[in-house]
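Written below as structure tokens is the structure these notes are about.
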Amino acid sequence: MHQMVPRRALLLPLPLLLLFAQPRFAADTAARARLPETVRPLLYELLVQPNLTSLSFRGTVRVQLEVLQDTEEIVLHSKELLISRAELQLGPRGLLLLPLQVLELPALEQVALAPAGGGGPLARGGGYVLHVDFAGKLSDSFHGFYRSTYRTRDGEERVVAATHFEPTHARAAFPCFDEPAFKANFSIRVRREPRHMSLSNMPKSVELPGGLLEDRFDVSVKMSTYLVAFIVSDFLSVSSTTQHGVKISVYAAPEKIDQTEFALKAAVKLLDFYDDYFGIPYSLPKQDLAAIPDFQSGAMENWGLTTYRESGLLFDPQKSSASDKLSITMVIAHELAHQWFGNLVTMQWWNDLWLNEGFAKFMEFVSVNITNPELEVEDYFLSKCFEAMEVDALSSSHPVSSPVEDPAEIREIFDDVSYDKGACILNMLRDFLTPEVFKRGIIRYLRRYSYQNTVNAQLWESFASVGALMVPTPPSRTHESVAQHRASCSPGRSPDGLDVHEMMDTWTLQEGFPVVTVEVRGRERNGPGALRFTGACARAHTRCVFSPTDVLHLPEEVEWVKFNVDMRGYYIVHYEAGGWDALVSLLQHNHTALSSNDRTSLINNVFQLVSVDKVPLDRALDLSLYLSKETEIMPVTQGLSELVPLYKLMEKRDMEDVENQLKAYIVNLFRELIERQSWSDEGSVSQRMLRSYLLLFACVRGHAPCTRAAGELFRKWKESDGTVSVPSDVSLAVYSVGARSEEGWDFLLDKYRRSLYSSVKSRIKTALCTSPLGHKLQWILEQSLEGEVLKTQDLPYVLVSVSRNPKGYRRAWDFLRANWERLLNKFDLGSPAIAHMVTGVTGQFSTREMLEEVQHFFSSLRKETGAGLRCLQQALESIEENIRWMDKNLPLLKAWLDKRGPFEGPGDHGL
């Protein structure tokens with residue numbers, strides 16, 4: 001329920017002045033935030049020695065430099081490092097070492113190195129080698145070179161030293177040119193104690209003996225600093241080899257190594273797929289996957305050494321759910337796609353982050369759909385587009401390709417727009433070009449720019465080059481077949497002279513998305529856009545439209561028309577002049593005439609159109625009535641995703657009557673489907689995930705048959721002290737019922753402490769957050785911040801989960817404010833974690849009193865503590881929209897429920 005700002009028509013080029021957002025900083029400030037292009041690195045020779053007892057590290061780096069312009073100084077990045085020596089060697093074999101003065105620029109996270117006493121400029125074309133000795137502390141955060149810990153079964157704490165450098169944290173581990181365009185080769189050595197082992201991007205070439213062991217790794221391929229990685233730990237591994245001869249290894253803590261087999265098999269299958277799909281061999285001789293006990297992101301694509309949360313990599317057939325299987329496979333697919341998109345070819349600067357992340361997100365679905373068809377991954381792609389649209393509907397959104405300069409700005413664009421919108425517009429482009437042409441275009445792009453950096457335009461030029469081999473067919477203004485229309489809308493240049501570059505700039509250089517309005521006029525349909533539509537004749541047709549309005553002549557009279565077939569286009573559709581009435585009637589009488597994706601998109605679109613006052617709420621609620629007949633996972637979960645937030649707004653107000661009416665309506669809507677669910681792990685992946693979703697919803701809503709069954713399963717599990725197994729797919733519903741009592745909550749916490757299975761711990765943690773016990777909710781918040789019982793990496797999830805609990809939302813907001821600066825220190829200014837906490841905790845506020853409270857807190861912040869962050873703007877905008885929505889629609893909602901009711905009211909026990 002967010003304000004959606006209408007945008008200009010898709011595909012329609014307008015003056016370039018409208019395409020570009022203005023940068024936030026003056027040019028001179030932006031220039032100082034970026035490194036000068038006077039020198040560039042060719043090779044780093046890095047030696048690093050962490051001490052896992054003192055939690056510190058020291059190192060030496062030798063950087064071979066090429067001077068591009070005469071310069072008096074070398075400027076590079078360094079953050080919170082103590083530089084004890086800096087010298088310049090004249091030439092790779094030069095004997096003279098010239099001392100350098102070190103000028104620190106902490107505000108810019110840079111150091112300037114200049115010859116002591118003035119030694120003349122570094123001459124253009126000259127070869128130099130920079131020598132720097134440095135030291136630092138292993139970070140307590142989740143980035144740079146940081147400390148992670150885990151406990152064995154016996155309670156012993158063990159320390160792991162791991163890296164996470166994306167986007168701007170390599171500079172916190174060693175002095176470097178920490179921008180993606182400064183690609184170089186890396187020769188890495190790691191010194192360690194004999195009880196540990198080390199990993200890096202490349203295979204180990206030699207291990208030198210001594211009091212400390214030194215591992216030397218092969219020289220890397222040319223890559224950006226953010227992809228460098230090294231780990232020192234006591235991990236064990238399992239290994240296999242792909243059909244193309246690449247060694248795959250999965251590393252984990254010793255007591256969890258038996259949970260790595262699933263990830264190993266998935267990685268082998270997926271890397272082989274990408275090798276074959278792209279026709280470009282994987283660049284390295286090995287690919288390691290490491291499960292890190294403390295890890296804020298879901299995973300990281302370091303070249304040759306991808307790193308993951310334990311929950312993103314470890315799987316046990318007896319303990320893990322269908323959802324775990326799907327998510328682990330998708331995460332691995334994402335990181336391995338990056339070995340080509342992001343690693344082999346890298347964006348020039350972070351403004352085009354989507355070239356990395358949008359492609360990797362898109363390729364997740366392409367690869368898993370082919371390699372693991374049993375996971376039915378296509379069912380879930382639409383949800384990514386809906387998630388992107390939720391953010392992109394706000395005026396505080398940003399273009400996919402968006403100007404950024406400083407580290408906080410860069411971190412802010414690691415969001416649903418860069419990832420999910422990027423994937424959705426690529427999916428739309430593939431549909432427009434045809435899958436085969438699209439594939440040829442991306443292969444051409446990867447081959448042409450291997451080991452280089454690119455910008456948006458070079459991707460579009462690759463598609464245009466492929467499309468130039470095809471001869472466009474002039475379109476007719478009458479209806480044509482799908483094949484004819486696809487030919488007339490072919491790549492390179494459209495029938496009306498609009499090329500792919502010009503077309504896609506309209507999607508990547510402005511925020512938001514179109515609303516296509518379709519009006520019935522006899523047999524005609526009007527609407528702007530590149531449209532695919534279907535009608536009562538049950539045939540799909542494609543039509544390319546390049547003007548704000550157009551007329552489509554249908555070959556026959558039809559009862560209904562559905563535009564944007566399967567929602568392959570990144571836009572929503574409004575049907576005027578009775579169009580919605582016809583679709584509502586269709587769904588009520590013959591909903592399977594439309595595909596699951598079409599039904600899902602109608603549910604989403606109609607409720608979004610309520611938010612912009614194009615459709616009355618009662619019409620959207622009328623459409624929802626058909627859901628009592630629905631059985632497919634995506635329409636069901638989308639229906640719940642649209643209806644549940646309505647009562648979540650009311651939970652923060654004193655209006656129990658209408659709140660309970662709405663809750664009862666939703667439970668009754670899905671009652672028959674809920675009661676058909678078995679308490680088992682049987683069925684397809686989609687059936688199992690739907691079961692998990694429905695039973696959790698029903699139990700949390702207090703639906704008596706559900707709470708009785710779950711309560712009995714919890715009782716047996718508790719009486720057996722956890723030895724009687726609970727089916728994985730329904731365990732969250734069972735645990736949530738158990739967490740309502742003090743005794744049950746404490747029992748769950750004890751099992752959480754003892755479990756070695758991240759999937760089990762994750763479900764218990766979620767259940768603990770659904771409890772109505774306020775003091776327990778406060779305890780779990782505090783313990784998540786301290787990090788002893790619950791990992792601090794999980795705090796953003798815990799905080800947002802508690803905020804969605806009617807007994808916890810006030811506690812979550814107070815906790816966020818009271819601990820704001822500690823959270824910034826731990827999770828980093830501008831990070832996705834901070835944004836998730838801000839928007840998640842405030843997203844269901846809908847009163848002017850809460851708006852004023854949030855405004856007051858945000859206004860008290862300084863720039864260095866978050867003033868100006870985009871997530872603050874998004875939070876305020878969402879609260880304002882919630883207030884406006886409630887003021888306008890609450891009377892309509894109450895009248896509609898009164899007319900349809902009464903409904904049998906279940907109890908209410910948490911979320």
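FYI, the numbering just counts along the sequence from 1. Remember, it's a predicted structure, so these values are computed and weren't measured experimentally.
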[X] side, atom [atom1]; [Y] side, atom [atom2] - distance, nearest 0.5 Å:
{"X": "Leu336", "Y": "Glu364", "atom1": "CG", "atom2": "CD", "value": "11.0 Å"}
{"X": "Tyr757", "Y": "Lys256", "atom1": "OH", "atom2": "NZ", "value": "10.5 Å"}
{"X": "Leu897", "Y": "Asn660", "atom1": "CG", "atom2": "CG", "value": "11.0 Å"}
{"X": "Arg309", "Y": "Gln296", "atom1": "CZ", "atom2": "CD", "value": "5.5 Å"}
{"X": "Leu627", "Y": "Leu673", "atom1": "CG", "atom2": "CG", "value": "10.0 Å"}
{"X": "Leu790", "Y": "Leu768", "atom1": "CG", "atom2": "CG", "value": "7.5 Å"}

Heavy atoms, side chains only, cut-off 4.5 Å: are [X] and [Y] in contact?
{"X": "Gln588", "Y": "Leu625", "result": "yes"}
{"X": "Arg568", "Y": "Met428", "result": "no"}
{"X": "Gln687", "Y": "Glu682", "result": "no"}
{"X": "Arg619", "Y": "Val584", "result": "yes"}
{"X": "Leu646", "Y": "Glu659", "result": "no"}
{"X": "Ser418", "Y": "Asp415", "result": "yes"}
{"X": "Phe513", "Y": "Ile572", "result": "yes"}
{"X": "Glu374", "Y": "Ser684", "result": "no"}

Take Ser601 and Lys562, measure what side chain to side chain donor-acceptor pair (under 3.5 Å) needs, and give me the verdict at the end. CA-CA 10 Å; Ser601 67; Lys562 166 67 170 67; 3.3 Å; yes
Taking atom [atom1] as the centre, does [X] end up with more than 12 heavy-atom neighbours from other residues, nucleotides or ligands that are less than 6.0 angstrom away?
{"X": "Glu378", "atom1": "CD", "value": "no"}
{"X": "Glu675", "atom1": "CD", "value": "yes"}
{"X": "Lys629", "atom1": "NZ", "value": "yes"}

Ring centroid separation for Phe747 and Tyr735, is it under 6.0 angstrom?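 When the ring centroids of Phe747 and Tyr735 are compared, they turn out to be at least 6.0 Å apart.
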Centre-to-centre under 6.0 Å for Phe362 and Phe438, is that the case here?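 Under 6.0 Å, so yes.
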Might you point out which heavy atoms bring [X] and [Y] nearest each other, and give the distance in Å?
{"X": "Ile328", "Y": "Ser311", "answer": "CG1-O, 3.7 Å"}
{"X": "Thr707", "Y": "Val737", "answer": "O-CG1, 4.1 Å"}
{"X": "Ser801", "Y": "Cys769", "answer": "CB-CB, 3.7 Å"}
{"X": "Val724", "Y": "Trp717", "answer": "O-CD1, 2.9 Å"}
{"X": "Leu893", "Y": "Met650", "answer": "CD2-CE, 2.9 Å"}
{"X": "Gln677", "Y": "Leu695", "answer": "CB-CD2, 4.0 Å"}

Would you please test Phe278 and Phe341 for ring pair (Phe, Tyr, Trp, His ring centres under 6.0 Å) and show each step? CA-CA 11 Å; Phe278 297 129; Phe341 283 102; 5.6 Å; yes
Verify side chain to side chain donor-acceptor pair (under 3.5 Å) between Thr306 and Gln287, making sure each step is shown before the conclusion. CA-CA 8 Å; Thr306 52; Gln287 172 66 51; 3.1 Å; yes
Any side-chain donor paired with an acceptor under 3.5 Å for [X] and [Y]?
{"X": "Glu651", "Y": "Tyr647", "answer": "no"}
{"X": "Ser784", "Y": "Tyr797", "answer": "no"}
{"X": "Ser686", "Y": "Asp379", "answer": "yes"}
{"X": "Asn427", "Y": "Tyr570", "answer": "no"}
{"X": "His334", "Y": "Glu357", "answer": "yes"}
{"X": "Tyr626", "Y": "Ser628", "answer": "no"}
{"X": "Ser320", "Y": "Ser759", "answer": "yes"}

Yes or no on side-chain contact (heavy atoms from CB on, under 4.5 Å) for Ile633 and Tyr693, after CA distance, side-chain angles and deciding distance? CA-CA 9 Å; Ile633 184 169; Tyr693 198 106; over 6 Å; no
Which is it for Phe381 and Phe365 under the ring pair (Phe, Tyr, Trp, His ring centres under 6.0 Å) test, yes or no, and what are the steps along the way? CA-CA 7 Å; Phe381 187 80; Phe365 288 87; 4.9 Å; yes
Please confirm whether the backbone N or O of [Y] pairs with a side-chain atom of [X], one donor and one acceptor, at under 3.5 Å?
{"X": "Ser297", "Y": "Ala299", "value": "no"}
{"X": "Glu390", "Y": "Phe386", "value": "no"}
{"X": "His589", "Y": "Ser585", "value": "yes"}
{"X": "Trp745", "Y": "Arg740", "value": "no"}
{"X": "Gln844", "Y": "Arg804", "value": "no"}
{"X": "Asn668", "Y": "Ala664", "value": "yes"}
{"X": "Asn564", "Y": "Gly569", "value": "yes"}
{"X": "Asp729", "Y": "Ser321", "value": "no"}
{"X": "Arg691", "Y": "Ser678", "value": "yes"}
{"X": "Asn805", "Y": "Lys807", "value": "yes"}

Test salt bridge (charged side-chain N to carboxylate O under 4.0 Å, His left out) applied to Lys439 and Glu436, step by step: CA-CA 5 Å; Lys439 178 180 176 180; Glu436 180 57 32; 5.4 Å; no
Decide side-chain contact (heavy atoms from CB on, under 4.5 Å) for His591 and Leu586; before the verdict, give the C-alpha distance in whole Å, the side-chain angles of both, and the deciding distance to 0.1 Å. CA-CA 6 Å; His591 68 281; Leu586 173 69; over 6 Å; no
Determine which pairs satisfy salt bridge (Lys or Arg N to Asp or Glu O under 4.0 Å) with at least one residue from residues 751-773, sequence neighbours left out, and list them in order.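 Sorted result for residues 751-773: Asp324-Arg763, Asp721-Lys751, Asp750-Arg754, Lys765-Asp794.
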Electrostatic pair Lys716-Glu719, nearest N-O below 4.0 angstrom: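 No, no charged N to carboxylate O under 4.0 Å.
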Presence of salt bridge, Glu672 and Arg676, under 4.0 angstrom: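 Judged by the 4.0 Å cut-off on N to carboxylate O distance, Arg676 and Glu672 do form a salt bridge.
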Go through the steps to decide whether Asp622 and Arg900 satisfy the test side-chain contact (heavy atoms from CB on, under 4.5 Å), and finish with yes or no. CA-CA 10 Å; Asp622 286 345; Arg900 295 285 175 179; 3.4 Å; yes
